[in-house]
There are 2 protein chains.
Amino acid sequence: MPLTLEDIARISGVSRSTVSRVINDEPNVSESTREKVLEVIQKINFQPNLAARGLAVGKTRVLGMVIPTGVTSLFTDPFFPLLIQGVSSACNSLDYSVMLWLAEPEFERRTIRQILYSGLIDGVIISSALNDDPIINSLAESRLPFVLIGRHLSNQQISYVDVDNRIGAQQAVLHLIRNGRKRIGTIAGPQNVIAGIDRYQGYLDALHERGITVDPDLTTFGDFTDPGGYACMRRLLEYNPDGVFAASDSMALGAMRAIHDTGLKIPEDIAVIGFDDIPQASQSLPTLTTVRQPIIREGMLAAETLIGMIEGSPEPPRHIILPTELVIRDSCDFHKGQPLRKEVILLQKQRDR
Amino acid sequence: MPLTLEDIARISGVSRSTVSRVINDEPNVSESTREKVLEVIQKINFQPNLAARGLAVGKTRVLGMVIPTGVTSLFTDPFFPLLIQGVSSACNSLDYSVMLWLAEPEFERRTIRQILYSGLIDGVIISSALNDDPIINSLAESRLPFVLIGRHLSNQQISYVDVDNRIGAQQAVLHLIRNGRKRIGTIAGPQNVIAGIDRYQGYLDALHERGITVDPDLTTFGDFTDPGGYACMRRLLEYNPDGVFAASDSMALGAMRAIHDTGLKIPEDIAVIGFDDIPQASQSLPTLTTVRQPIIREGMLAAETLIGMIEGSPEPPRHIILPTELVIRDSCDFHKGQPLRKEVILLQKQRDR
DNA sequence: AAATAAATTGGGAGCGCTCCCATATATAAT
DNA sequence: ATTATATATGGGAGCGCTCCCAATTTATTT
């Protein structure tokens with residue numbers, strides 16, 4: 001039922017080709033016909049068929065975004081929503097659309113592949129994949145441009161956007177040490193995701209830097225979720241930590257509940273630092289000291305990088321590492337007993353590897 | 001570079017048409033050729049071009065999902081993420097893909113329309129639009145199937161999925177009344193979104209039902225966000241409420257912080273009930289009594305309904321209203337002073353208008 | 001066995017667009 | 001004027017698929 005180029009052409013008394021030129025803002029159309037055609041398009045409210053254009057041109061101006069569920073409690077944590085917001089925002093301004101796949105575990109890899117290579121999308125953003133996910137190697141071998149959110153260990157040919165998780169974590173733990181904490185535990189993230197690995201390494205880095213021996217009893221591994229953080233903290237509490245670095249704010253908030261439930265005080269008895277700076281971090285009681293990462297910017301940069309790859313000449317793979325900031329709030333107080341209310345933000349220099 | 005039907009046909013020694021039949025699982029292909037062709041497809045890892053199919057068939061098996069940002073603090077609240085999860089999940093199992101548009105305010109309506117009518121999507125789900133959003137009338141006049149999340153007041157021809165916000169809110173307030181609360185305030189939602197309107201009406205319904213006069217001082221209007229709830233609660237506190245119904249959990253959590261900050265006790269001094277049952281509701285201190293709505297199911301139903309409209313015969317518009325449940329936790333205690341820890345869930349009968 | 005029916009297969013046309021090239025028209029240079 | 005050049009315009013071909021119909025093969029019936 002919808003009209004076609006040919007219809008518009010007939011109505012405005014020109015040819016299909018001319019209408020196409022007008023729509024695509026190409027040169028070599030006289031001002032008078034351009035106006036005439038535009039007028040008809042406006043009046044009829046004509047929209048060219050993008051599927052047909054996609055077929056003809058081989059590009060759809062659609063980006064895919066794949067988010068594995070199951071890695072974390074997908075949407076309890078605002079990480080993914082914010083990431084999507086960033087991607088979507090960049091796409092909006094660059095005239096791209098975004099197609100979203102929440103890759104449920106049951107929803108097998110094969111199906112994903114089916115969609116990726118079906119010509120519906122020009123490129124794809126893969127978020128926080130397991131670092132050995134076969135989909136990545138499969139993509140690397142294909143011709144489809146893609147960008148990872150979260151760096152990739154082995155293959156240097158792969159473009160990615162990430163934050164400096166390791167340095168961020170290290171700064172957090174150093175802060176705890178400066179704060180006078182002696183028994184600093186960690187609730188690390190899963191060790192099959194790069195963010196989990198890097199943040200744990202940052203924790204170790206800080207301890208090593210200050211010559212503190214790592215106590216295995218003070219190390220637990222959660223799943224980035226609040227209940228996971230709660231459970232880990234209960235285990236840690238048996239070993240009397242006086243400071244805890246959690247690899248996500250959700251886990252930190254869960255940990256704070258666990259501490260609260262045993263009657264201990266934060267930060268007097270135990271200091272807590274999280275990672276992410278989700279909105280709840282500034283609304284908890286006490287407010288949570290955390291490592292802020294610019295999630296929306298990550299999403300935007302990933303989209304922009306991908307679009308660059310799609311449209312641009314063949315460039316070398318891009319590795320973008322964004323800096324983090326330590327946001328100091330009440331859960332980890334330098335002067336014991338009297339929280340500093342103001343937020344001190346330590347800016348960290350940007351590093352681009 | 002990717003292969004086409006014709007290539008597969010050549011390799012397996014049959015015709016394009018036969019390959020097409022095999023791929024689409026059509027009858028009238030002999031078992032032997034079917035196997036032969038399937039083998040080639042498997043080996044080559046062939047993926048048919050969906051843009052081409054879309055052109056030929058006039059359907060893309062892609063759903064659009066439009067979420068207006070700006071209406072609420074989009075992603076602080078897990079409402080939209082869960083909704084997306086529901087939609088995505090239904091799409092996964094019905095072999096559809098979902099295209100997401102976060103309609104930023106600057107991102108004008110025209111652009112959205114451009115995309116909607118471009119033949120890239122077979123239908124669209126519009127979430128929590130303002131109830132006078134011109135996009136809805138525009139859609140209603142078009143031929144594009146669409147489903148609203150959140151009912152529509154004026155046009156009965158429009159299909160939607162919603163929860164029974166009004167009854168849910170009413171139940172919550174009745175619970176406060178049964179609880180012995182005398183001065184029950186509300187932090188209502190914005191009155192240009194149907195959920196905001198209905199939940200406020202439910203509050204009024206409950207008061208009227210029990211013959212309680214409505215005190216305008218005890219009515220405030222927030223924006224569904226936590227800081228909004230905090231601000232509203234501060235205003236309410238000047239009028240000494242002993243119970244508050246907030247139209248979203250985020251606002252309820254903000255309200256609890258405001259109450260806490262003035263040194264009052266929950267539920268002893270003020271009882272609080274929220275709406276949504278987001279994960280944080282069961283992790284707050286005290287845990288939050290709230291009206292649970294099945295967000296993921298809403299998303300799934302919306303997608304299923306829409307796909308039904310796309311594929312099915314012309315049916316009458318579907319109006320699906322899901323029931324809510326009152327989840328009783330500690331923030332609103334029946335026996336003053338001694339919280340009942342266990343969650344009592346009052347099931348409400350399903351109503352389908 | 002022939003005649004009929006049913007199942008299988010192939011190829012043309014077309015979905016709505018872009019791209020390329022040929023043609024027509026306007027402009028500039030000789 | 002005449003040729004050369006730049007600018008506008010139209011139409012064919014083709015992107016990779018599905019759909020339809022004709023042709024071929026196979027199975028069933030008389």
Stepwise salt bridge (charged side-chain N to carboxylate O under 4.0 Å, His left out) check, Arg61(B) with Glu311(B): CA-CA 10 Å; Arg61(B) 297 190 80 85; Glu311(B) 296 183 348; 3.5 Å; yes
Arg151(B) side, atom CZ; Leu153(B) side, atom CG - distance, nearest 0.5 Å: 5.5 Å
Point-to-point distance, once rounded to the nearest 0.5 Å, from CD of Glu298(A) to CG of Leu301(A): 8.5 Å
Using atom [atom1] of [X] as one end and atom [atom2] of [N] as the other, report the distance to the nearest whole Å.
{"X": "Leu3(A)", "N": "dC17(C)", "atom1": "CG", "atom2": "C1'", "value": "15 Å"}
{"X": "Ile41(B)", "N": "dC17(D)", "atom1": "CD1", "atom2": "C1'", "value": "13 Å"}
{"X": "Leu5(A)", "N": "dC15(C)", "atom1": "CG", "atom2": "C1'", "value": "13 Å"}
{"X": "Arg61(B)", "N": "dC17(D)", "atom1": "CZ", "atom2": "P", "value": "17 Å"}
{"X": "Glu6(B)", "N": "dG14(D)", "atom1": "CD", "atom2": "C1'", "value": "12 Å"}
{"X": "Asn24(A)", "N": "dC17(C)", "atom1": "CG", "atom2": "P", "value": "10 Å"}
{"X": "Arg53(A)", "N": "dC19(C)", "atom1": "CZ", "atom2": "C1'", "value": "13 Å"}
{"X": "Leu55(B)", "N": "dC15(C)", "atom1": "CG", "atom2": "C1'", "value": "5 Å"}

Whether the [X] and [Y] side chains hold a donor-acceptor pair (N or O, under 3.5 Å, no angle test) is what I'd like checked.
{"X": "Trp101(B)", "Y": "Ser88(A)", "value": "no"}
{"X": "Ser138(A)", "Y": "Tyr117(A)", "value": "yes"}
{"X": "Ser17(A)", "Y": "Ser20(A)", "value": "no"}

Steps toward salt bridge (charged side-chain N to carboxylate O under 4.0 Å, His left out) verdict (Asp25(B), Arg34(B)): CA-CA 9 Å; Asp25(B) 230 10; Arg34(B) 188 185 295 275; 3.7 Å; yes
So which of [options] actually passes side chain to side chain contact (heavy atoms under 4.5 Å, CB included) with [X]?
{"X": "Ser12(A)", "options": "Val22(A), Thr33(A), Val40(A), Ile41(A)", "answer": "Val40(A)"}
{"X": "Ile126(A)", "options": "Ile149(A), Ile67(A), Leu139(A)", "answer": "Leu139(A)"}
{"X": "Val19(A)", "options": "Asp7(A), Thr4(A), Leu5(A), Leu38(A)", "answer": "Leu5(A)"}

Angle of first-five versus last-five pair axes in the helix from dA2(C)-dT29(D) to dT27(C)-dA4(D), to 10 degrees: 50°
Ser20(B) side chain near dT18(D) phosphate (N/O to OP1/OP2, under 4.0 Å): yes
Side-chain N or O of Asn49(B) closer than 4.0 Å to phosphate OP1/OP2 of dC15(D): no
His152(B)-Tyr160(B) aromatic ring centre distance below 6.0 Å: no
N/O to N/O distances under 3.5 Å, protein versus nucleotides 22-25 of chain C:
none

Nucleotide N/O to protein N/O under 3.5 Å, stretch nucleotides 6-12 of chain D:
residue : atom : partner  : partner atom : Å
dT9(D)  : OP1  : Ser30(A) : OG           : 3.4
dT9(D)  : OP2  : Ser30(A) : N            : 3.1
dT9(D)  : OP2  : Thr33(A) : OG1          : 2.9
dG10(D) : OP2  : Ser15(A) : N            : 2.6
dG10(D) : OP2  : Ser15(A) : OG           : 3.1
dG10(D) : OP2  : Thr18(A) : OG1          : 3.0
dG10(D) : O6   : Arg21(A) : NH2          : 2.7
dG11(D) : N7   : Ser17(A) : OG           : 2.8
dG11(D) : O6   : Ser17(A) : OG           : 2.5
dG12(D) : N7   : Arg16(A) : NH2          : 3.1
dG12(D) : O6   : Arg16(A) : NH1          : 2.8

